[in-house]
Amino acid sequence: MSSSGYTLPVFACAAAVAALHWLRHHQSLQITTIDLIEPAEIAEIPIEQVAGISENQALAITRSDPGDNLDLTKNTPIWAVVAWYEGDGETVIIEGGEGIGKQLNGEGKAAIYGYAQRLLTENLQRLLAPTEKIKVTIILPEGRSLAIRTSNSAFGVVEGLSLLGTTGISQPLSTPDQLAVFRADLAAKASQFPTLVFCIGENGLDLAQKLGINPAQMVKTANWLGPMLVAADVLGVKEILLFGYHGKLMKLAGGIFHTHHHLADGRREIFTAHCAMLGLGSLDIQTIFHSPTAEAALKHLRSLDSNTGSNWVNQVYNSIAETIDTRTQAYMDSHNEQGKTIIACGSVLFDRDRQILVKSKTGCMLLAKLC
């Protein structure tokens, strides 16, 4: 096996193949051969146990092995129950059993996504006669308890884990695995410090260190602020300082907690709303709204302040920073099982020149504590 290991869908598929083999031959497989499809490779997956439930149903069990990658599903058992069925419908029907998450935005549909569906369907169809049909139920006995330690609920998945991914190879540089690495770093630091600093990127990490913040308390989040906040709550972190570039961090003031621009970008709307709420003139509001970047909008406010002796930069950014804190608190409360998080969150925003623009009230207190 590759040192990078395999993703969870591969092990679910292996268990299903082993269960189908028992139904057809009443024999237990010790190793199953799976076509990964993506990439075009063959994987050999060990099977832990196979048992007949009835003449028409069989159960097979394997264990997740993501290789050297940091993954909380390492060694977790994966069950597949395969049953013959007759009737109209697909040749292979795939269902989620206990421990497979449910999609809140999909009316409770099992969180078994595209690659996993394709992997299971194509591998199993090859083993079926033209008239045969099967129903496959994937079960993760530990899925519900493991899900509490993840940020699945931040993505609208509850009561279990997802069969997610676009490839059979578990690679740390892929986006979901990158999040797993960040969460592992968070877990290690949360066990040492009650107060942590979340930095979206390298600029934030560098500036925070130059201000005198202990690097051991800094956690890189990239665009995964929402999942990382939820994970911090689960880990019992007491205080978080959100430290980031204003063009990224202000998205939180609009309730956007995955900050990649491909997913959502409400910066000009957020900026404009705060300017309007504070009474900026209509022509200037139009200029802000049509600014191509947050930096350009900031430049316009600075020009106004310079030319008129006003204080728009401070007013607008203080409003945004306090809203970031409020929305962050509400976001974490909404993902906390008790309905209210114990984490205190503050924010510090800096500009393109890595100069601090604003500190929220809580952010100011946390920064003084950290430096």
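The line from OG1 of T272 to CE of M277 is 12.0 Å long, rounded to the nearest 0.5 Å. Taking CG of L252 as the start and CG of L225 as the end, the distance is 5.5 Å to the nearest 0.5 Å. In this structure, NZ on K369 lies 11.5 Å from OG1 on T362, to the nearest 0.5 angstrom. Interatomic distance, N311 CG to L304 CG, rounded to the nearest 0.5 Å: 11.5 Å. The CD1 atom of I320 sits 12.5 Å away from the OG atom of S360 when rounded to the nearest 0.5 Å. Atom-to-atom distance recorded for I93:CD1 and K133:NZ is 8.0 Å, nearest 0.5 angstrom.
Salt-bridge annotation for K361 and E322: absent, with no side-chain N of the basic residue lying under 4.0 Å from a carboxylate O of the acidic one. Ion pairing of K248 with D265 is absent here, as no side-chain N (NZ or NE/NH1/NH2) approaches a carboxylate O to less than 4.0 Å. Ion pairing of K74 with D65 is present here, as a side-chain N (NZ or NE/NH1/NH2) and a carboxylate O approach within less than 4.0 Å.
Contact annotation: the side chain of L120 never approaches that of P9 to less than 4.5 Å [non-hydrogen atoms, C-beta and beyond]. Side-chain contact between Y115 and L164: absent, with no pair of heavy atoms (C-beta onward) separated by less than 4.5 Å. Looking at heavy atoms from C-beta onward, D284 lies out of side-chain contact with S282 at the 4.5 angstrom threshold. You'll find the side chain of L298 reaches within 4.5 Å of the side chain of R302, heavy atoms only. In this structure the side chain of I45 reaches within 4.5 angstrom of the side chain of F11, judged on heavy atoms. Counting heavy atoms from C-beta outward, I138 and E95 have side chains that stay 4.5 Å or more apart. Looking at L301 and I288, their side chains come closer than 4.5 Å, going by heavy atoms from C-beta outward. Counting heavy atoms from C-beta on, the side chains of I213 and M218 come closer than 4.5 Å.
Listed for the T62 side chain is a donor-acceptor partner under 3.5 Å among the backbone atoms of P46. For E159 (side chain) and G99 (main-chain N/O), no donor-acceptor pair under 3.5 Å exists by modelled atom type. At distances below 3.5 Å, at least one donor-acceptor pair connects side-chain atoms of T293 with backbone N or O atoms of A296. At least one donor-acceptor pair under 3.5 Å links the side chain of D305 to the backbone N or O of W312. The closest donor-acceptor contact from the side chain of T221 to the backbone of W224 lies at 3.5 Å or more, if one exists at all. Remark: the backbone N or O of I200 is not paired with any side-chain donor or acceptor of K220 at under 3.5 angstrom.
The two residues I34 and A14 come nearest to each other via the heavy atoms CD1-CA, 3.7 Å.
Y317 and F271 have perpendicular rings, their planes meeting at more than 60° on a 0 to 90° scale where under 30° would count as parallel.
Other residues, nucleotides and ligands contribute over 12 non-hydrogen atoms within 6.0 Å of the CD atom of E269. Within 6.0 Å of atom NZ in K359, 12 or fewer heavy atoms from other residues, nucleotides or ligands are found, so the atom counts as exposed in its surroundings. Within a 6.0 Å radius of CD in Q192, more than 12 heavy atoms belonging to other residues, nucleotides or ligands are found.
Side-chain atoms of D233 and N336 form a donor-acceptor pair, as typed in the model, at a separation below 3.5 Å. Residues H274 and Q315 bring no donor and acceptor atom of their side chains to less than 3.5 Å of each other. Checked by atom type, the side-chain pair E41/Y6 shows no donor-acceptor distance below 3.5 Å.
Summarising the hydrophobic clusters (Ile, Leu, Val, Met, Phe, Trp, Tyr; side-chain heavy atoms under 4.5 Å, direct or chained), the residues clustered with L59 are I53, I61, W79, V81, I139.
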